[in-house]
Every structure is written in C-alpha cells, then in structure tokens.
Number of protein chains: 2
Amino acid sequence: MAARLLIVEDDPALAELLIWHFEAEGYEVRHTADGEEALLLAAEETPDAIILDWMIENISGIEVCRRLRRVSETSAVPIIMLTARGEEEDRIRGLDTGADDYVTKPFSPRELIARLAAVLRRSRPALVGKTLKVEDIELDPTAHRVRRGGVEINLGPTEFRMLQHFMERPGRVLTRGQLVTGVWGNDSDIEERTVDVQIKRLRAALNIGGGKDVIRTVRSAGYSLG
Amino acid sequence: MAARLLIVEDDPALAELLIWHFEAEGYEVRHTADGEEALLLAAEETPDAIILDWMIENISGIEVCRRLRRVSETSAVPIIMLTARGEEEDRIRGLDTGADDYVTKPFSPRELIARLAAVLRRSRPALVGKTLKVEDIELDPTAHRVRRGGVEINLGPTEFRMLQHFMERPGRVLTRGQLVTGVWGNDSDIEERTVDVQIKRLRAALNIGGGKDVIRTVRSAGYSLG
DNA sequence: ACAGAAGTGTCATTTAAGTGTCATAGTTCG
DNA sequence: CGAACTATGACACTTAAATGACACTTCTGT
C-alpha cells in the first residue's frame, strides 16, 4: 500500500520537481498551490503526510498548519514544512504550530525524502515495513501476517486492512465514516452498517483462541483498539 | 504523567544544561555518559524519548541508535540525535539509522525542547497535553476515554459530552441554558430540568469509585466542575 | 474454464444501552 | 414555615449496536 502524500507548494517548478521525486519513490502524490484548497483536500483524503511550503498564496503555510491541526481528521497527519528562512525563531514557531519537521531551502530532494521516511516511521510504521504491536497482537504488514499471543490468525483481506488501520492508531476512536474511507477507500459507497459486520468478523477472528475482546465499541462514536 | 527522558551525553557541562532545562519543562530525566550503559538503561526503563549525542565514549552514537532500534523494547522509542557536524550525508545516515530527528550543535535548548515536543506529539500524544485534566479526572477526547484516579470510567455519550464541556471550562459555572446548547446543541428543545437528571447521572458515574463529588451545584445559577 | 471454498455487502431482526420526562421527595434560605 | 430550587427513582421511549441469514463476488486449485 503506497503512502499518500499531499504537497502544498506554489512554485510550479519546485512542485514538479518534488512530485517527480516522490512518485519515483513510490508515493502517491496530490498537489495544490492553494492553502484553502489544501485544507479541503487534506480533510477529504487524509493523506499519510503533508509537505507544506511556508509561504504560499492566500494564507501562510503556518496558518494552514495550525488549521490542519485543529481539524480532527487531519490533526494526526504528520507535516513537514519547507521554509526559505533559517532563523531559529521561525523554526520554533513552525514546530510549536504542529509541524513535525521542517526543511530549509535550498534542500536536496534526497534529504527531504529521508526526512519524510523518518516522520512516517513514527506515525505509520507499517508504511516503512515495521511490524505493529498492540497488546498481544502482532501484525506484519509485509508478510501479511497476524499473530495473537504468538498464535497465527487467519484474516480475510478486509479484516486485515481494518486491523492494520486500527493498529496504526492504537487507542484512538474511529468513526464508521473514517473506517469506511480508511479501509475501503475514499470513493467507496459502502453502507456504514457494513462496518459493524466487518467489526464483528474481525472480533470473531481475533478471539478465536479465546482471548478477551480488544476492540472497544464506543456508542454513538465508533470503535477503537486496545 | 510526566514523560520520561534518557539523555546520553558525555560532555558534563552540556549534560547538566540539558538536564536542568528538561526538568524545568517537567520531564523526568535520566542521564548517562556511556553508550553501553545507555542501552541497558533504555531497555530497562523504556523512556518516552532518548536524546543521544552523536559522539560519545565507547561506541558512537550512531551505533547506539542502531542497537536501540534492534531491541524490541526500545525499537519504538523516538530518538533525537545531537550532532556537531552539519553535512547532509551525516544527517541522512542519522535518519536512516532510525533517529527521528537530529539537532545540530550549537543549538538553543529552546529549539531542542520544541523538537522533542514535536516528536512526542507523534508517538505519545497523551504526553503532550492532548488530554484534559481537572483534579484527578482525565479525559482523552481522541480515545474517548475517562479516568478518575487512574481508574477507567464508563460514560454514555451525553454524559461524555457534558463532562468534556465542563472540563474545557474548569471552575466555571454553567447555567442550564448554556449546558443545553453546549451539550445538546443549539437547536434542541430539551427541558431544562433534564439537565439536572443528566448531572445526577454524570455524578453517579464519576463517583463510582467512591471519590468525592466534583460537580458543584450553584443554587439558582447552574453547575460547575472542580 | 470450472467447481468448491472463502470472503463480502446488505438487510431484517434481536438485543442492549442510553435518554427525556414527570411525579415526588428533599434542601436551602429568607 | 413556605417559596424556590434541586435531587432522585421510575418508566416509557429512542437510538444504536450485535447478530444471523443470504445472495453475490472473488479466489484457488485442478
């Protein structure tokens, strides 16, 4: 599963360069030059990370950053800021605003790619080939394998994606809507009730060895793991 | 719950400076100058983050980093590297090795603190103040969880919204009218007396462990928390 | 290509949890 | 004491989630 990236950059030349490099790295890239549009896109598609230029049209990058953090859909998405200035004050303001890292222009694409990998390693370990662990459940994304208490568990594809989605966000409550877009994809017209059924199946599969239920139902909100 | 930090730094002056600053920020700090000892301490105490100098005695910081990543206890702990060099190659090697961020000497403590907060925000959001706290009650909005004195408490949706509403305005007296619009929404036609009932239910839930009542009734005005 | 197995989405139904209102009992304060 | 409020228990009602069944699709091995 390729990581999805949103690049917010209003210099067309730089944008193209970035898109080219990231696509070569296997990322799925969306791009906009406009801050307002960036907010919409981000909320709609919840990318795995956002590359954000400090100075863009309409609103400043820092303001975009702040607003991304305020919206619950995007509050957890890692943000890397691109900035032309090098002063420490600016750096700190960027970080306080909620950026996860910043890269000072001029930079080499290689550096930006390394930074992005580092940031993703934290937030979405599965995208960088790490096994996920929550309580006694282990999920190896590359081997497509799940174990509970050391015992291998068999999951269908949807169950697997759903479990991975949960394990990347342990403890967090996900609404049915978030699960639909996260597990089935952005443009699927799935009944929200179907989520319930899939949850039931996932539960059944995970508890097959007699373990206690690890999926918590949060009434009128959604479900969470662990 | 204070975040626990491990500082690995062999320059005594710098170490002391860092310890002083981080403790002032409320972190619980452990320190060692030795690489091997750092590995032991890290595995034993699994800190919430590690500040690691690039060049230390015995083994290089980069080697420590690599080995921290290899041990399962510490493989997920965020690492910030301190480095004296500024060359890009080194930066990238540091990140590839598994460091989550690096800071180039000389740096200001303020910057390091901001970086640390950024890194922790990713890995342990609960430690960076995303949860609301009033007296011995904690409410985590993303996990949809409430604890009193460390013990988990189960709330219905309305009770949860109501508690959150109070916790966002600690100490403030809210009239029934304000509560109706705040908790039920602007356009709800709810009896004001219903607020009383919901308050009673919230109280019952919060005092389930035998704690004293934290909701104050203000006669002819409303209610307040804390 | 084909049969059988495994997996998936939807619906109707059952079960459970939470909510709003009211009548009544209890408090507070002048 | 009595007026004005607030607390409480009961109950009917709403809303939400779990479940079982079933038709349909996708895989898998032959």
Side-chain angles (χ1 to χ4, degrees), chain A residues 139 144-146 152-166 173-208 211-225, chain B residues 139 144-146 152-166 173-208 211-225:
Chain A
L139 182 151
H144 234 262
R145 222 173 247 284
V146 176
E152 174 122 21
I153 283 184
N154 236 339
L155 295 182
T158 313
E159 287 154 27
F160 186 88
R161 285 200 310 280
M162 187 149 166
L163 179 60
Q164 177 166 343
H165 199 76
F166 272 116
V173 173
L174 301 170
T175 65
R176 292 188 174 69
Q178 290 173 324
L179 286 168
V180 167
T181 55
V183 175
W184 280 267
N186 264 312
D187 49 348
S188 66
D189 49 349
I190 288 287
E191 284 296 318
E192 292 212 337
R193 286 290 125 220
T194 300
V195 174
D196 299 29
V197 179
Q198 218 42 247
I199 286 275
K200 171 183 144 45
R201 287 169 180 157
L202 179 55
R203 273 176 169 152
L206 289 176
N207 300 344
I208 208 167
K212 74 171 205 307
D213 200 354
V214 281
I215 297 177
R216 187 171 62 115
T217 303
V218 181
R219 193 163 226 267
S220 80
Y223 298 91
S224 79
L225 176 74
Chain B
L139 183 150
H144 236 266
R145 244 172 226 286
V146 175
E152 173 122 22
I153 284 183
N154 236 337
L155 297 182
T158 314
E159 287 154 28
F160 186 88
R161 285 199 310 279
M162 187 151 164
L163 178 60
Q164 179 165 357
H165 198 77
F166 272 117
V173 175
L174 300 169
T175 66
R176 291 186 176 70
Q178 290 172 324
L179 285 168
V180 167
T181 55
V183 176
W184 280 266
N186 266 314
D187 50 347
S188 65
D189 49 350
I190 288 287
E191 283 295 318
E192 292 212 338
R193 287 290 122 218
T194 300
V195 174
D196 300 28
V197 179
Q198 221 38 252
I199 287 275
K200 169 186 143 42
R201 287 170 180 158
L202 179 55
R203 273 176 168 152
L206 289 176
N207 300 344
I208 207 166
K212 74 170 205 306
D213 199 354
V214 281
I215 297 177
R216 189 167 57 111
T217 304
V218 182
R219 206 181 153 82
S220 78
Y223 299 91
S224 80
L225 177 75

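Letters A, B, ... are given to chains in the order of the sequence lines, protein chains preceding strands, and every chain is numbered from 1.
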Asker: So A/Y223 and A/R216, do their side chains get closer than 4.5 Å, heavy atoms only?
Answerer: no
Asker: If I take atom CG in residue A/L202 and atom P in nucleotide D/dA17, what distance separates them, rounded to the nearest angstrom?
Answerer: 17 Å
Asker: Axis-to-axis angle across the helix from C/dA1-D/dT30 to C/dG30-D/dC1, five pairs an end, to 10 degrees?
Answerer: 50°
Asker: Looking for any heavy atom pair under 4.0 Å, which part of the strands does A/D189 touch: base, sugar-phosphate only, or nothing?
Answerer: sugar-phosphate
Asker: Reading DNA chain C from 5' to 3', where do the contacts with chain B start and stop? Cut-off is 4.0 Å to heavy atoms.
Answerer: C/dG18 to C/dT28
Asker: If you look only at pairs with a residue in residues 180-194 of chain B, which of them pass as a side chain to side chain donor-acceptor pair (under 3.5 Å), with sequence neighbours excluded?
Answerer: B/R193-B/D196
Asker: Think B/Y223 has a side-chain N or O under 4.0 angstrom from the OP1 or OP2 of D/dA7?
Answerer: yes
Asker: Encode nucleotides 8-14 of chain D as B, S and - characters from 5' to 3', where the letter depends on protein heavy atoms closer than 4.0 Å: B to the base, S only to sugar-phosphate, - to neither.
Answerer: BSB----
Asker: Listed by chain and number, what are the side-chain hydrogen bond (donor to acceptor under 3.5 Å, both in side chains) partners of B/Q164, not counting sequence neighbours?
Answerer: B/E168
Asker: Find the distance A/R176:CZ to D/dA16:C1' and express it as a whole number of Å.
Answerer: 8 Å
Asker: When all nucleic acid strands are considered with a 4.0 Å heavy-atom cut-off, which category describes A/I199: base, sugar-phosphate, or nothing?
Answerer: nothing
Asker: Pairing donors with acceptors under 3.5 angstrom, does anything connect the side chains of B/T217 and B/R203?
Answerer: yes
Asker: Please check if atom CG in B/D213 has more than 12 non-hydrogen atoms from other residues, nucleotides or ligands closer than 6.0 Å.
Answerer: yes
Asker: Between B/M162 and B/R201, is there a side-chain heavy-atom distance shorter than 4.5 Å?
Answerer: no
Asker: Who pairs with B/H165 by side-chain contact (heavy atoms from CB on, under 4.5 Å), at least two apart in sequence or on another chain?
Answerer: B/R169, B/L174, B/L179, B/V183
Asker: Would you say B/Q178's side chain and B/T175's backbone share a donor-acceptor pair under 3.5 angstrom?
Answerer: yes
Asker: Is A/T194 touching bases, backbone alone, or none of the nucleic acid, heavy atoms closer than 4.0 Å?
Answerer: base
Asker: Mind calculating the distance between CG (A/D213) and C1' (D/dA18) to the nearest angstrom?
Answerer: 12 Å
